[in-house]
Amino acid sequence: MSVASRLPTIRLPTETDDWRLMARTARLVLSVPAYAVLAVVASLTALTLFVVSLNVPLVLDLVVGGSLSLAGRVTILTELYPFVGSSFGAGQGLLLLLVAALTGLNVSMAIYHFREHGVSLQQGGTSALGVLFGTLGAGCAACGSAVLLGLLSLVGVSTSLLFLPLDGLEFALLALVVITLSIYWLADGMRGGMIGGCPVDL
Amino acid sequence: MNRRTFLRSAGATGLSAGLVATAGCLGGALGGESTPSGTPFADHPATAGIEDQPRKGELGGNVVLAFEDPSCPRCRTFERQTVPDIEENLVATGQGAYVVRTYPVVYPWGEPAVHALEATYDRDSDAFWSLFAHYFDEQSSFETDNVLDRTAEFLNGETDVDGDAVVADAESGAYDAAVQTDLDAGMNADVGRTTPTVLLFRDGRYVTRASGSVSYDVIGTALGVE
């Protein structure tokens with residue numbers, strides 16, 4: 001057996017049926033009220049994590065600590081979110097909301113999968129990989145080019161050699177791709193884990 | 001791997017990923033020990049040499065100290081959306097000052113631009129603010145190869161400053177020390193590579209810092225100025 005034939009095949013959502021599978025699986029999971037609530041909570045949590053991660057000192061000093069009134073604390077916190085404050089442009093804000101929504105859906109689908117079907121090593125590894133990259137990418141969706149440059153400089157990429165045509169939106173788009181892949185792999189795994197009893201009626 | 005083991009490992013993986021992502025995105029925010037809240041203005045590392053920095057309003061009370069890179073898109077948004085409100089509500093009312101430290105950490109053309117800004121400020125503060133605004137107004141058209149030529153053209157055409165002399169100083173490194181002073185202040189204050197980063201001082205004492213093009217509501221609320 002050749003090395004290539006022993007490597008696991010990475011499936012990508014290239015067909016219309018793949019996207020239909022994702023949509024139907026997502027609809028199946030979200031049709032259960034508990035998982036719909038979980039998706040919403042996870043989305044809001046993810047969005048909060050993204051925006052707060054940019055301004056931890058501000059939140060600790062003035063929202064958690066300090067002597068501001070409750071209204072002042074609420075103002076400081078809410079102004080950090082897209083379309084409330086001015087921290088994000090329209091494109092960045094929309095992408096950030098989309099990444100947060102898909103993260104919530106991803107979390108909800110993963111927990112549904114784990115609870116209802118169990119997972120195989122391969123499926124679990126793939127899902128964990130999706131969560132890993134998704135979290136990394138999504139966590140940086142809000143940061144803009146400065147932090148992207150900083151991150152890349154950590155791995156030895158000279159900032160003077162970088163050219164970012166989208167001014168840092170690259171990370172948000174990368175997060176979208178990775179989370180979408182994770183959702184697809186989860187949906188595909190849910191079908192595979194229920195052979196003869198697939199939860200999705202295709 | 002059984003289900004329980006997997007869930008534990010997945011949880012650990014997710015937590016690790018979250019920490020990595022968060023730590024990465026914090027940039028300078030968690031780059032070192034944070035400065036204790038309430039540090040007197042003069043003792044804060046970000047204020048080293050502050051008297052020589054471009055400023056609107058008088059020091060001594062509330063201060064908005066902004067680290068900005070002319071090549072940074074979010075700095076452009078900050079300048080357009082937030083700074084006018086700072087000038088109107090804080091500076092014009094005599095309730096505080098707005099101070100800029102030019103901080104070239106984003107795109108490469110920001111570095112020669114910052115040298116030119118320092119050379120310009122040394123000659124004429126009004127010309128500095130004009131050039132600073134010009135960089136943001138035309139941000140997308142600047143590159144490393146054209147920034148100094150266009151700077152000379154702007155200064156010669158729109159201000160009383162000799163643009164060719166400014167460019168000569170920028171190219172010779174005459175203001176290396178001034179540029180380095182701002183970089184050192186930012187690094188010592190854990191600003192890292194995130195711009196804009198705004199440090200807020202209320203009545204002469206450090207309050208907090210904010211990264212990104214935060215709104216005036218954040219700044220005004222933090223300083224207790226409507």
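If you're wondering where the values come from, they're calculated on a predicted model, not measured in any experiment. First the proteins, then the strands, lettered A, B, ... as listed; each starts at 1.
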Once rounded to the nearest 0.5 Å, what's the spacing between atom [atom1] of [X] and atom [atom2] of [Y]?
X	Y	atom1	atom2	result
B:Y216	A:S86	OH	OG	13.0 Å
B:R74	A:L54	CZ	CG	10.5 Å
B:L200	A:L58	CG	CG	8.0 Å
A:E79	B:T221	CD	OG1	7.5 Å

Using a 3.5 Å distance criterion without hydrogens, assess whether the side chain of A:N55 forms a donor-acceptor pair with backbone atoms of B:S211.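 At least one qualifying donor-acceptor pair exists.
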With a 4.5 angstrom heavy-atom cut-off, is it the side chain or the backbone of B:T82 that approaches chain A, or both, or neither?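 Looking at B:T82, just its side chain touches chain A.
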Can you tell which of A:L62, A:V59, A:L60 has the highest number of heavy-atom pairs within less than 4.5 Å of chain B?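 Highest number of heavy-atom pairs under 4.5 Å: A:L62.
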Heavy-atom closest contact (B:V207 atom, A:D61 atom, distance):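 Looking at all heavy atoms of both residues, the shortest contact is O-OD2, 3.6 Å.
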